[in-house]
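Because the structure is a prediction, the values reported are computed rather than measured.
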There are 2 protein chains.
Amino acid sequence: MEFDKLVHQPTRLQIFASLYANGETSFTDLKDDLEITEGNLASHIERMEDEDCVAVEKQFVDRKPQTTYRLTDRGTELFEAHVETLESLIDGLDT
Amino acid sequence: MEFDKLVHQPTRLQIFASLYANGETSFTDLKDDLEITEGNLASHIERMEDEDCVAVEKQFVDRKPQTTYRLTDRGTELFEAHVETLESLIDGLDT
DNA sequence: AAAGTCACTTTGTAGCACAAAGTAGCTAGG
DNA sequence: CCTAGCTACTTTGTGCTACAAAGTGACTTT
C-alpha cells in the first residue's frame, strides 16, 4: 500500500477531486468551493503544475482576467490510482 | 468536506485501518506490516493515544515483552467517519 | 555477568501547509 | 490620463510534523 503524498494531502485531494468531477474550473471557483486562501490555492496548484498534473489557461472573460485549470492525463492517472488505493484500503476492512 | 488530520495522515491511516480490520495487533506486527521504523510507529501511536484513539496493553508472552494496541470506541468512530468522508468524495466524482 | 530482545524515548532535521501582505496586469470611471 | 479596483498571483515568515537515527531500560537467555 503506497500513498502518493502529492495527491493525498487533504487540500490537494480536494482540488484533484474537484477538477476530476467538474473538468475545467476557474481559480475563483476553486477558491470559493474549497474555502481556502488565494496564496494557499496558488501554492498547491503550483506544486501540481510542477508535477505535470494540471494545465493552466489564462484568458479574459467579461473583460476580467480568468484562469482556468484542468487535470492533465498524468494528473488524471495519478488521481485515479490514488482513489483505487483508498478503495482497496476500505475494501480490506472486512477481512 | 472536512479532513481529520489525525486520521488522514498516510501512516496513521494505515495504522487505523490495520487495527480496525485486525483488532488487537502487537507493536512488532504493526511495524513489520507497515514497514516503518520503531521510532516512527511509536510516535504515531503516541499521538493516537493522546487523542484517545488507541488503548494499550502491555504483557509478557513467551517471557518476552509484548505491547498490543486496539482502537478505542472513539478511535473507531473517527476512523469510520473518515472512511465515509473518503467514500463520499469518491462517490461525488460521477457528477 | 554479558549479550540480546522488545519497546520505546530522545534528539535533530528538513519539508510542508498556511496566513498575510505585497505585486502586476488589466479595466472602468471621473 | 490618472486613480481606483479587480483577479490572480508571489513573497515572506512561522510553526508544525514526519521521520530517521541513536540512545535507554526492563527483562531474559546463556
Side-chain angles (χ1 to χ4, degrees), chain A residues 1-19 22 24-51 53-70 78 82 85 89, chain B residues 1-19 22 24-51 53-70 78 82 85 89:
Chain A
M1 191 91 68
E2 287 167 20
F3 284 89
D4 183 337
K5 275 187 177 178
L6 179 79
V7 186
H8 192 68
Q9 198 282 330
T11 306
R12 281 195 298 269
L13 189 57
Q14 293 182 73
I15 295 174
F16 268 102
S18 182
L19 291 178
N22 304 322
E24 284 201 349
T25 309
S26 72
F27 184 86
T28 306
D29 286 347
L30 267 179
K31 192 199 64 160
D32 293 344
D33 281 1
L34 307 183
E35 293 178 338
I36 55 180
T37 59
E38 297 174 353
N40 196 4
L41 175 54
S43 65
H44 282 301
I45 291 278
E46 192 187 7
R47 290 211 46 191
M48 291 166 74
E49 265 192 85
D50 288 349
E51 297 286 337
C53 289
V54 167
V56 183
E57 190 184 351
K58 289 163 192 282
Q59 57 183 339
F60 275 77
V61 175
D62 289 336
R63 295 178 172 166
K64 292 180 218 160
Q66 182 174 314
T67 304
T68 52
Y69 303 107
R70 60 179 177 75
L78 283 183
H82 192 70
T85 302
L89 179 136
Chain B
M1 191 92 66
E2 286 166 21
F3 284 89
D4 184 335
K5 273 186 177 179
L6 180 80
V7 186
H8 191 68
Q9 198 282 330
T11 306
R12 282 195 298 270
L13 188 57
Q14 293 181 73
I15 296 174
F16 269 102
S18 182
L19 291 177
N22 305 320
E24 282 200 352
T25 310
S26 72
F27 184 86
T28 306
D29 286 346
L30 266 180
K31 192 199 63 159
D32 293 344
D33 280 1
L34 307 184
E35 294 179 336
I36 55 180
T37 59
E38 296 172 352
N40 197 2
L41 175 55
S43 66
H44 282 301
I45 291 278
E46 193 187 7
R47 289 212 45 193
M48 291 166 72
E49 265 192 88
D50 289 349
E51 298 285 338
C53 287
V54 167
V56 182
E57 190 184 350
K58 289 163 192 287
Q59 58 183 341
F60 276 76
V61 175
D62 289 337
R63 294 179 173 166
K64 291 178 219 164
Q66 182 175 315
T67 305
T68 52
Y69 304 107
R70 61 177 177 76
L78 283 184
H82 193 69
T85 302
L89 178 135

Residue pairs meeting side-chain hydrogen bond (donor to acceptor under 3.5 Å, both in side chains), one or both in residues 56-66 of chain B, sequence neighbours left out, come to none
First of B:F60 and A:K5 reached from the 5' end of DNA chain D, by closest nucleotide:
A:K5
Can you tell me the distance, in whole Å, between the [atom1] atom of [X] and the [atom2] atom of [N]?
X	N	atom1	atom2	value
B:L34	D:dA20	CG	P	12 Å
A:M48	C:dC16	CE	C1'	16 Å
B:L41	D:dA21	CG	P	16 Å
B:E49	C:dC8	CD	C1'	11 Å
B:R47	D:dC16	CZ	P	11 Å
B:E35	D:dC19	CD	P	14 Å
B:F3	C:dA17	CZ	C1'	15 Å

With [X], which residues qualify under side-chain contact (heavy atoms from CB on, under 4.5 Å), at least two apart?
X	value
A:T25	A:L19, A:N22, A:D29, A:L30
B:T28	B:S26, B:D32
B:A42	B:F27

Scan nucleotides 5-12 of chain D against the protein and return all N/O pairs shorter than 3.5 Å with their distances rounded to 0.1 Å.
unit_1: D:dT7; atom_1: O3'; unit_2: A:P65; atom_2: O; d: 2.8
unit_1: D:dA8; atom_1: OP1; unit_2: A:P65; atom_2: O; d: 3.3
unit_1: D:dA8; atom_1: OP1; unit_2: A:T67; atom_2: N; d: 2.9
unit_1: D:dA8; atom_1: OP2; unit_2: A:T28; atom_2: OG1; d: 2.2
unit_1: D:dA8; atom_1: N7; unit_2: A:E38; atom_2: OE1; d: 3.3
unit_1: D:dC9; atom_1: OP1; unit_2: A:K58; atom_2: NZ; d: 2.5
unit_1: D:dC9; atom_1: OP2; unit_2: A:T67; atom_2: OG1; d: 3.1
unit_1: D:dC9; atom_1: OP2; unit_2: A:Y69; atom_2: OH; d: 2.5
unit_1: D:dC9; atom_1: N4; unit_2: A:E38; atom_2: OE1; d: 2.9

Applying salt bridge (Lys or Arg N to Asp or Glu O under 4.0 Å), name anything that partners B:E49, two or more places apart in sequence or on another chain.
none
Which sits closer to the 5' end of DNA chain C, B:D29 or A:T37, going by the nucleotide each is nearest to?
B:D29
Value for CG (A:L41) from NZ (A:K31), rounded to nearest 0.5 Å, stands at 9.0 Å
What distance separates B:S18 OG from B:D33 CG, expressed to the nearest 0.5 Å?
5.0 Å
Using only side-chain N and O atoms of B:R63, determine if any of them is under 4.0 Å from OP1 or OP2 of C:dC6.
no
A:H44 side chain N/O closer than 4.0 Å to the phosphate oxygens (OP1, OP2) of C:dC18?
yes
Output the residues of residues 6-14 of chain B in contact with DNA chain C, where contact means a heavy atom of the residue under 4.0 Å from an atom of the strand; sort by number or write none.
none
Can you list everything that forms a side chain to side chain donor-acceptor pair (under 3.5 Å) with A:D4? Sequence neighbours excluded, please.
none
Donor-acceptor contacts, no H, no angles, side chain residues 6-17 of chain B, under 3.5 Å, sequence neighbours left out:
unit_1: B:H8; atom_1: ND1; unit_2: B:H82; atom_2: NE2; d: 2.9
unit_1: B:H8; atom_1: NE2; unit_2: A:H8; atom_2: O; d: 2.7
unit_1: B:H8; atom_1: NE2; unit_2: A:H8; atom_2: NE2; d: 3.3
unit_1: B:Q9; atom_1: OE1; unit_2: B:T11; atom_2: N; d: 3.0
unit_1: B:Q9; atom_1: OE1; unit_2: B:R12; atom_2: N; d: 3.1
unit_1: B:R12; atom_1: NE; unit_2: B:L6; atom_2: O; d: 2.6
unit_1: B:R12; atom_1: NH1; unit_2: B:H44; atom_2: ND1; d: 3.1
unit_1: B:R12; atom_1: NH2; unit_2: B:K5; atom_2: O; d: 3.4

